[in-house]
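Have a look at the structure below, then the notes.
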Amino acid sequence: MSDDVMVLAEAVHKSFGRTEVLKGIDLSVRRGQVVCILGPSGSGKSTFLRCINHLEKINAGRLSVDGQLVGYTERGGRLHECKDSEIAAQRREIGMVFQQFNLFPHMTALENVCLAPIKVRGLSGADARKRGGELLTQVGLSDRMDSYPSQLSGGQQQRVAIARALAMDPKLMLFDEPTSALDPELVGDVLDVMKDLARSGMTMVVVTHEIGFAREVGDDLVFMDDGVIVEQGDPREVLANPRNERTKQFLSKVL
């Protein structure tokens, strides 16, 4: 695999019981690239994202991040599942932001951001607070560090969640429809933070319905339907001139 490749999916399959959700996904994400995944509900987008950091185990194929198989080691031509501690170590390198913010309600914004670096990375409280303060400032919340989640809007909570993911210094960020639970007027602030992150060179895989974000920030657009990649290419080209009939149908409803 090229040193330039951060995520490599090869013939990835995933089933839940008898329902095949991913039917052979092949995708390469280069270092520093922003890949946006579009598609209807139930097309497998979120499942694929969760497979990248082994929140879901794949049934067949291979998934690698930064040249390392995710969740498995290869011995004698066979894949063996890693120990929980090894999987946890891999996950530390991959930040993930979900639709729901999942903040601890009894902790301030700063405490939410500092918790994992102290507990998992072993940072001192002072170092974690310094870094946490820098990250909350980066996401535009320098004045809300001591606020509890209940005192923050949905958009502010999501920006805290982004800062919390960044506090682990990940090499890859995954976003699973990060704006879908937000009121429309709060979406822009979260997208602005993501745009800044993209400009800083962070490798990002973003499942989203925000067409404008995909057009403006995405380096590659992937359209998924029914567990397969139907179309892929430059976002501006795919959005303006989709080649596949299914892509055309979908975009006619959302554009």
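Just so we're clear, the structure is a prediction, and the values are computed from it rather than from any experiment.
Across all their heavy atoms, Ile118 and Ala128 have their closest contact at CG1-CB, 3.5 Å. Here the closest heavy-atom approach between residue Gly32 and residue Thr203 is recorded as N-OG1, 2.7 Å. When all heavy atoms of Ala165 and Pro170 are compared, the pair lying nearest together is O-CD, 3.4 Å. The heavy-atom pair separating Ala11 from Asp26 by the smallest distance is N-OD1, 2.8 Å. Pairing each heavy atom of Gly132 with each of Leu110, the nearest pair is C-CD1, 3.7 Å. Across all non-hydrogen atoms, the minimal contact from Met107 to Pro149 is O-CD, 3.1 Å.
Counting heavy atoms from C-beta outward, Val217 and Met204 have side chains that stay 4.5 Å or more apart. Between Leu27 and Val7, the closest side-chain pair of non-hydrogen atoms is not below 4.5 Å. Counting heavy atoms from C-beta on, the side chains of Asn112 and Phe101 never come closer than 4.5 Å. At least one side-chain heavy atom of Met6 sits less than 4.5 Å from a side-chain heavy atom of Lys171. At a threshold of 4.5 Å between non-hydrogen side-chain atoms, the residues Lys248 and Glu231 do not count as touching. The shortest distance between side-chain heavy atoms of Thr247 and Leu38 does not fall below 4.5 Å. A heavy-atom distance below 4.5 Å is found between the side chains of Val113 and Val160. The side-chain heavy atoms of Leu136 and Arg144, taken from C-beta on, include no pair separated by under 4.5 Å.
One N or O on the side chain of Arg121 and one on the backbone of Met168 form a donor-acceptor pair closer than 3.5 Å. A distance-only check finds no donor-acceptor pair linking the side chain of Gln138 to the backbone of Ala163 [under 3.5 Å]. Checking side-chain atoms of Asn53 against main-chain N and O of Arg91 turns up no donor-acceptor pair under 3.5 Å. In this structure, Arg131 contributes its side chain and Ala167 its backbone to no donor-acceptor pair below 3.5 Å. Of the possible polar contacts, none joining the Gln156 side chain to the Leu141 backbone as a donor-acceptor pair under 3.5 Å is found. Using modelled atom types, no side-chain atom of Arg50 and backbone atom of Glu56 make a donor-acceptor pair closer than 3.5 Å. Using a distance-only test at 3.5 Å, with no hydrogens or angles considered, no donor-acceptor pair links the side chain of Asp226 to the main chain of Ser43. Looking only at distances, a side-chain donor or acceptor of Asp234 sits under 3.5 Å from a matching main-chain atom of Arg236. A side-chain donor-acceptor contact under 3.5 Å links Asn59 to the backbone of Ser15. A donor-acceptor pair is defined here as one N or O able to donate and one able to accept, closer than 3.5 Å; such a pair exists between the side chain of Lys45 and the backbone of Pro40.
Asp169 contributes atom CG, which lies 8.0 Å from atom CG of Leu135 (distance to the nearest 0.5 angstrom). To the nearest 0.5 angstrom, Thr179 atom OG1 is 8.5 Å from Gln158 atom CD. In this structure, the separation between CG on Leu182 and OG on Ser153 is 8.0 Å, given to the nearest 0.5 Å. Once rounded to the nearest 0.5 Å, the distance linking CG of Asp66 with CD of Glu93 reads 8.0 Å. Atom-to-atom distance recorded for Leu174:CG and Ser46:OG is 11.0 Å, nearest 0.5 angstrom. Atom-to-atom distance recorded for Ser150:OG and Gln157:CD is 8.0 Å, nearest 0.5 angstrom.
Side-chain contact of Ser64 with Arg62: a donor-acceptor pair under 3.5 Å is absent, judged by distance alone.
Note on Val228 and Val207: separate hydrophobic clusters, where clusters join Ile, Leu, Val, Met, Phe, Trp and Tyr whose side-chain heavy atoms are under 4.5 Å apart, directly or indirectly. The same ILVMFWY cluster, assembled from side-chain heavy atoms under 4.5 Å apart, contains both Ile58 and Met96. Cluster annotation: Met194 and Val34 are assigned to the same hydrophobic cluster (Ile/Leu/Val/Met/Phe/Trp/Tyr, side-chain heavy-atom contacts under 4.5 Å, transitive). Under the 4.5 Å side-chain contact rule for hydrophobic residues, Val35 and Val12 share a cluster. Linking Ile, Leu, Val, Met, Phe, Trp and Tyr residues whenever their side-chain heavy atoms come within less than 4.5 Å places Ile25 and Leu172 in a single cluster.
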Start with the C-alpha gap between Phe213 and Val187, add the side-chain angles, then the distance that decides, and say whether side-chain contact (heavy atoms from CB on, under 4.5 Å) holds. CA-CA 11 Å; Phe213 176 85; Val187 167; over 6 Å; no
Report the C-alpha distance between Asn244 and Asp225 in whole Å, list the side-chain angles of each, state the deciding distance to 0.1 Å, and finish with yes or no for side-chain contact (heavy atoms from CB on, under 4.5 Å). CA-CA 11 Å; Asn244 187 280; Asp225 187 40; over 6 Å; no
His13 vs Leu22, side-chain contact (heavy atoms from CB on, under 4.5 Å): CA-CA, chis, key distance, verdict: CA-CA 5 Å; His13 288 255; Leu22 300 178; 5.5 Å; no
Take Arg75 and Arg78 through the side-chain contact (heavy atoms from CB on, under 4.5 Å) test and state the conclusion after the steps. CA-CA 5 Å; Arg75 294 195 299 272; Arg78 295 174 67 96; over 6 Å; no
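In the displayed structure, Lys195 atom NZ is contacted under 6.0 Å by more than 12 heavy atoms of other residues, nucleotides or ligands. The 12-atom threshold is exceeded at CD of Gln151, counting heavy atoms of other residues, nucleotides or ligands nearer than 6.0 Å. When the shell of 6.0 Å around CG of Asp84 is examined, it contains 12 or fewer heavy atoms from other residues, nucleotides or ligands.
Using a 4.0 Å cut-off between charged nitrogen and carboxylate oxygen, Asp127 and Lys130 do not count as a salt-bridge pair.
Cation-pi check for Lys14 over Phe16 is met; the charged atom lies under 6.0 angstrom from the ring centroid and within 45 degrees of its normal.
Counting only residues at least two apart or on different chains, the ring-ring contact (aromatic ring centres under 6.0 Å, His included) pairs with a member in residues 229-252 are Phe223-Phe250.
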